[in-house]
Amino acid sequence: MAENPTVKLGVLISGAGTNLQAIIDAILRGDLRAEIRLVISNRAGAQGLERARRHGIETMVIDHRKFTSREDFDRAILAALLDRSVELVALAGFMRLLSPVMLEAFPGRIMNIHNSLLPSFPGIHGPKEAIEYGVKIAGCTVFFVTAGVDVGPVIVQAAVPVLPGDDEQRLAARILLQEHRIFPHAIALFQQGRLEIQGRRVIIKGDSATPNSPPLVNPPVDRFEN
Ligand code: GAR
């Protein structure tokens, strides 16, 4: 069977870029057939820019404060991505909302990572709000971006137990480790042509989950086994 071609990626960041690093590492390991054509940051000081440069990836700073509207900012991003024939856009800690300019140019081709189990705790304080609410299971979500904050069709989620004594930092760090697994995985599913969006749902061809897939229970239940 013919293999799907390498996917051309554009990655948008605002900060540390550890998810960008996870994507780079997955490509280097051979687990992800992708080529990062461009990394764009809206902040000049974003540490992720340095990560990209270290790997010889082209970088660009497009500062949102220099634009009078969200649409103009997006038009600048879009032009740079189209110029490099980008097929899939990965938002890796990109802290700006996209306008229809980007959403309509890349329908079903923009992925975002968020550090909560959506639809719980959208926004920018996922782990903090999970702790404050008192949930026992937190996590992260990769989803296709649509209009609105963290509301698009879910592709992959990872559940992370909240532990006694967790503060925002500790929980966020454990969630981040799982983000680094599921984001490259979701991109690989896209590259392999296995994702199909049906309304709110993402159908994954060859999904290997079964009725025997282990549930995550937290705190662990050591009696009452069935
Ligand atoms: C990640 O935890 C990501 O889930 C979160 O920002 C962090 C970026 O880290 N994104 C959001 O909260 C978006 N709503 P990184 O720059 O090290 O990849």
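For clarity, every value in this text was computed on a predicted model and none was experimentally measured. Every number for a ligand or one of its atoms is a count from 1 in the order of the listing.
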Common cluster, Leu78/Phe73, ILVMFWY with side-chain heavy-atom separation under 4.5 Å: yes

Joint hydrophobic cluster, Val89 plus Val156, side-chain heavy atoms closer than 4.5 Å: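 As far as the 4.5 Å side-chain criterion goes, Val156 and Val89 are not connected within one cluster.
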
Do any nitrogen or oxygen atoms of [X] come within less than 3.5 Å of a nitrogen or oxygen of ligand 1?
X      : value
His114 : yes
Gly17  : yes
Gly123 : yes

Which residue supplies the protein heavy atom nearest to [atom], what is that atom called, and how far is it?
atom                    : value
atom 17 (O) of ligand 1 : Thr18 OG1, 2.6 Å
atom 9 (O) of ligand 1  : Asn19 ND2, 4.0 Å
atom 3 (C) of ligand 1  : Glu179 OE1, 3.3 Å

Contact between ligand 1 and [X] is defined here as a heavy atom of the residue under 4.0 Å from a ligand atom; is it met?
X     : result
Gly48 : no
Met95 : yes
Ile13 : no

Option from His185, Gln178, Glu179 for which side-chain hydrogen bond (donor to acceptor under 3.5 Å, both in side chains) with Arg181 holds: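 Exactly one candidate clears the test, Gln178.
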
side-chain hydrogen bond (donor to acceptor under 3.5 Å, both in side chains), paired with Glu3, selected from Gln191, Arg33, Gln192: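 The residue from Gln191, Arg33, Gln192 that satisfies side-chain hydrogen bond (donor to acceptor under 3.5 Å, both in side chains) with Glu3 turns out to be Arg33.
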
SB check Arg170 Asp167 (cutoff 4.0 Å): no

Sidechain N-carboxylate O distance under 4.0 Å for Arg75, Glu71: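 Between Glu71 and Arg75 there is no salt bridge, as every charged N stays at least 4.0 Å from the carboxylate O atoms.
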
Under-4.0 Å heavy-atom contact with ligand 1, by part of Leu20 that carries it: neither

Ser85 OG to Leu38 CG distance, which is reported to the nearest 0.5 Å: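 Output value for this atom pair is 11.5 Å.
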
Distance (rounded to the nearest 0.5 Å) between Ile175 CD1 and Ser116 OG: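 Answer for the CD1-OG pair, Ile175 versus Ser116, is 8.0 Å.
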
Element-labelled atoms of ligand 1 that are located less than 4.0 Å from some non-hydrogen atom of Gly93: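 Going through ligand 1 atom by atom, the ones under 4.0 Å from Gly93 are 8 (C).
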
